[in-house]
There are 2 protein chains.
Amino acid sequence: MVSDMPTTEAVVRTDAGLAAELRVGVMRLRRRLALERHPENDLSLGQMAVLGLLLRRGEMTIGQLARLERVQPPSMTRTVSCLEELGHVVRGPHETDGRVVVVALTERGREVVLADRSRRDAWLAVQLAHLTPDERAALRRAAPILDRLSQAD
Amino acid sequence: MVSDMPTTEAVVRTDAGLAAELRVGVMRLRRRLALERHPENDLSLGQMAVLGLLLRRGEMTIGQLARLERVQPPSMTRTVSCLEELGHVVRGPHETDGRVVVVALTERGREVVLADRSRRDAWLAVQLAHLTPDERAALRRAAPILDRLSQAD
DNA sequence: CATAACTCGTTAGCACTGCTAAGCATTCCC
DNA sequence: GGGAATGCTTAGCAGTGCTAACGAGTTATG
């Protein structure tokens, strides 16, 4: 049994402790990041994520986007519809399969995601610059692991 | 200008790239974690966080909880009210300041948070066990940094 | 070849959780 | 004592996740 008031340092040595610590840190940071929206021309975190995927990987189907973002299809439909209304993406038919919808970045969407990303990440980049090189290295190391964890069953 | 399809590896070398990568990883993992709720006796992530704080630090005021969780006071009022209805915390008066409300964990709340936490972190702990010791070390290193970042201005 | 079963995306509706604005009680300061 | 500041609450709104149920298209089976 754990003692009365375990410190962060002590608790984080076990796997369960690391899990709890990681959960709290991820939760808080994501909440903090969500606040960092610019009054004009801003996109939600979910919209940003989708545009980022399309920028990086090219055309994708709704289902692919949903699986990668760990979201149910209806949620992705809504996000894509919103992006389409904004003119940042277009829906198109699949070459061979009439059921699937292919989502592609428009030129305007490409411009917007690049501009918005640099503004949006500005806050976080500034915070990162305040860290020691060691700490930045730790995050550089951890970032892909977090993403991989999110894709686990 | 960035080339057509930057890989994760390439993009993560710059601070802005790290920011973007970290943002996406944090977002996805938090979404994944939110899914990991047990059908019975479960608490939301926000409720868990509050109970965890009370367990670790003892009695706290609404305002303190709100600041630590990076949430506005009305949001914390709602969370605490919900926990109070469940019988997991009690509101009490402050010793000297009649404005503030002191929140304390009940014995039942203490039991619940310990039980629920171990169940809730089970999934994440299992995933952590699948990582290499190196990767776990990286996360152990990164976890407190994530939390500190969330508290930055 | 017809039909049943499955897959993909959508629509409809709900729940949770964050916010701001506004109000009340209390405390602090001149 | 009276006005400003602080702490919490209430009321109402927005964003974003979910499930259930449905239509269209594809695949498998009899």
Side-chain angles (χ1 to χ4, degrees), chain A residues 26-39 42-51 59-86 89-104 120 150, chain B residues 24 26-39 42-51 59-86 89-104 150:
Chain A
V26 163
M27 236 178 67
R28 288 187 184 159
L29 183 52
R30 134 71 228 204
R31 207 146 40 199
R32 182 69 186 77
L33 287 173
L35 292 181
E36 222 39 54
R37 311 180 62 153
H38 278 261
D42 62 341
L43 302 163
S44 78
L45 288 179
Q47 294 168 348
M48 272 291 291
V50 169
L51 293 184
E59 298 184 341
M60 302 185 70
T61 72
I62 301 269
Q64 288 176 319
L65 290 169
R67 277 188 295 275
L68 280 172
E69 286 304 315
R70 275 281 170 186
V71 152
Q72 292 302 308
S75 302
M76 189 51 70
T77 289
R78 187 202 274 150
T79 299
V80 167
S81 297
C82 182
L83 287 172
E84 192 174 33
E85 279 178 19
L86 293 171
V89 304
V90 287
R91 276 182 169 86
H94 190 272
E95 288 184 358
T96 63
D97 190 335
R99 291 168 302 179
V100 308
V101 170
V102 173
V103 183
R120 179 180 297 277
S150 77
Chain B
V24 168
V26 164
M27 238 178 67
R28 288 188 184 156
L29 183 51
R30 136 68 230 201
R31 207 144 41 199
R32 184 68 186 78
L33 287 172
L35 293 181
E36 224 34 59
R37 312 178 62 154
H38 277 262
D42 64 340
L43 303 162
S44 78
L45 287 180
Q47 294 169 349
M48 273 290 291
V50 169
L51 293 184
E59 298 184 340
M60 302 185 70
T61 72
I62 301 269
Q64 287 176 320
L65 291 169
R67 277 188 295 275
L68 280 172
E69 287 303 316
R70 275 279 170 188
V71 152
Q72 293 301 309
S75 301
M76 190 50 71
T77 289
R78 188 202 273 150
T79 299
V80 168
S81 297
C82 181
L83 287 172
E84 193 175 32
E85 279 178 19
L86 293 171
V89 303
V90 286
R91 275 182 170 87
H94 190 272
E95 289 184 358
T96 63
D97 191 333
R99 293 168 301 179
V100 308
V101 170
V102 173
V103 182
S150 77

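Quick note: numbers below take in every heavy atom, side chains included, and nothing from hydrogens, waters or symmetry partners.
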Handout entry: Polar side-chain contact B:Arg31-D:dG17 base: donor and acceptor under 3.5 Å
Key = no
Exercise for the section: Examine C:dG9: is either OP1 or OP2 under 4.0 Å from a nitrogen or oxygen in the side chain of A:Arg78? Give yes or no. Expected result: no
Problem - No-H, no-angle donor-acceptor pair, B:Arg99 side chain to D:dT6 base, under 3.5 Å - result: yes
Practice task
Could you check how far CD of B:Glu95 sits from P of D:dG7, rounded to whole Å?
Solution key: 17 Å
Practice task
Report which part of the nucleic acid A:Gly46 touches: base, sugar-phosphate, or nothing (heavy-atom distance under 4.0 Å, all strands).
Solution key: nothing
Completion exercise
Result for 5'-nearest mapping on DNA chain D, choosing between A:Gln72 and B:Met76, is B:Met76
Exercise for the section: Scan B:Ser44 against the nucleic acid and name what it touches under 4.0 Å (heavy atoms): base, sugar-phosphate only, or nothing. Expected result: sugar-phosphate
Exercise for the section: With sequence neighbours excluded, tell me which residues meet side-chain hydrogen bond (donor to acceptor under 3.5 Å, both in side chains) with A:Gln47. Expected result: none
Practice task
Have a look at B:Met76 and tell me which of B:Val50, B:Leu68, B:Thr61, B:Val103 forms a side chain to side chain contact (heavy atoms under 4.5 Å, CB included) with it.
Solution key: B:Val50
Practice task
Determine the contact category for B:Thr61: base if any of its heavy atoms lies under 4.0 Å from a base atom, sugar-phosphate if only primed atoms, P, OP1 or OP2 are that close, otherwise nothing.
Solution key: sugar-phosphate
Exercise for the section: Remember a base hit wins even if backbone is also touched, and classify B:Ser75 as base, sugar-phosphate or nothing at under 4.0 Å, heavy atoms. Expected result: base
Exercise for the section: Determine the contact category for B:Arg91: base if any of its heavy atoms lies under 4.0 Å from a base atom, sugar-phosphate if only primed atoms, P, OP1 or OP2 are that close, otherwise nothing. Expected result: sugar-phosphate
Practice task
Can you tell me the distance, in whole Å, between the CZ atom of B:Arg70 and the P atom of C:dT17?
Solution key: 20 Å
Practice task
Nearest-nucleotide wise, let me know which of A:Gln64 and B:Pro73 is further upstream toward the 5' end of DNA chain C.
Solution key: A:Gln64
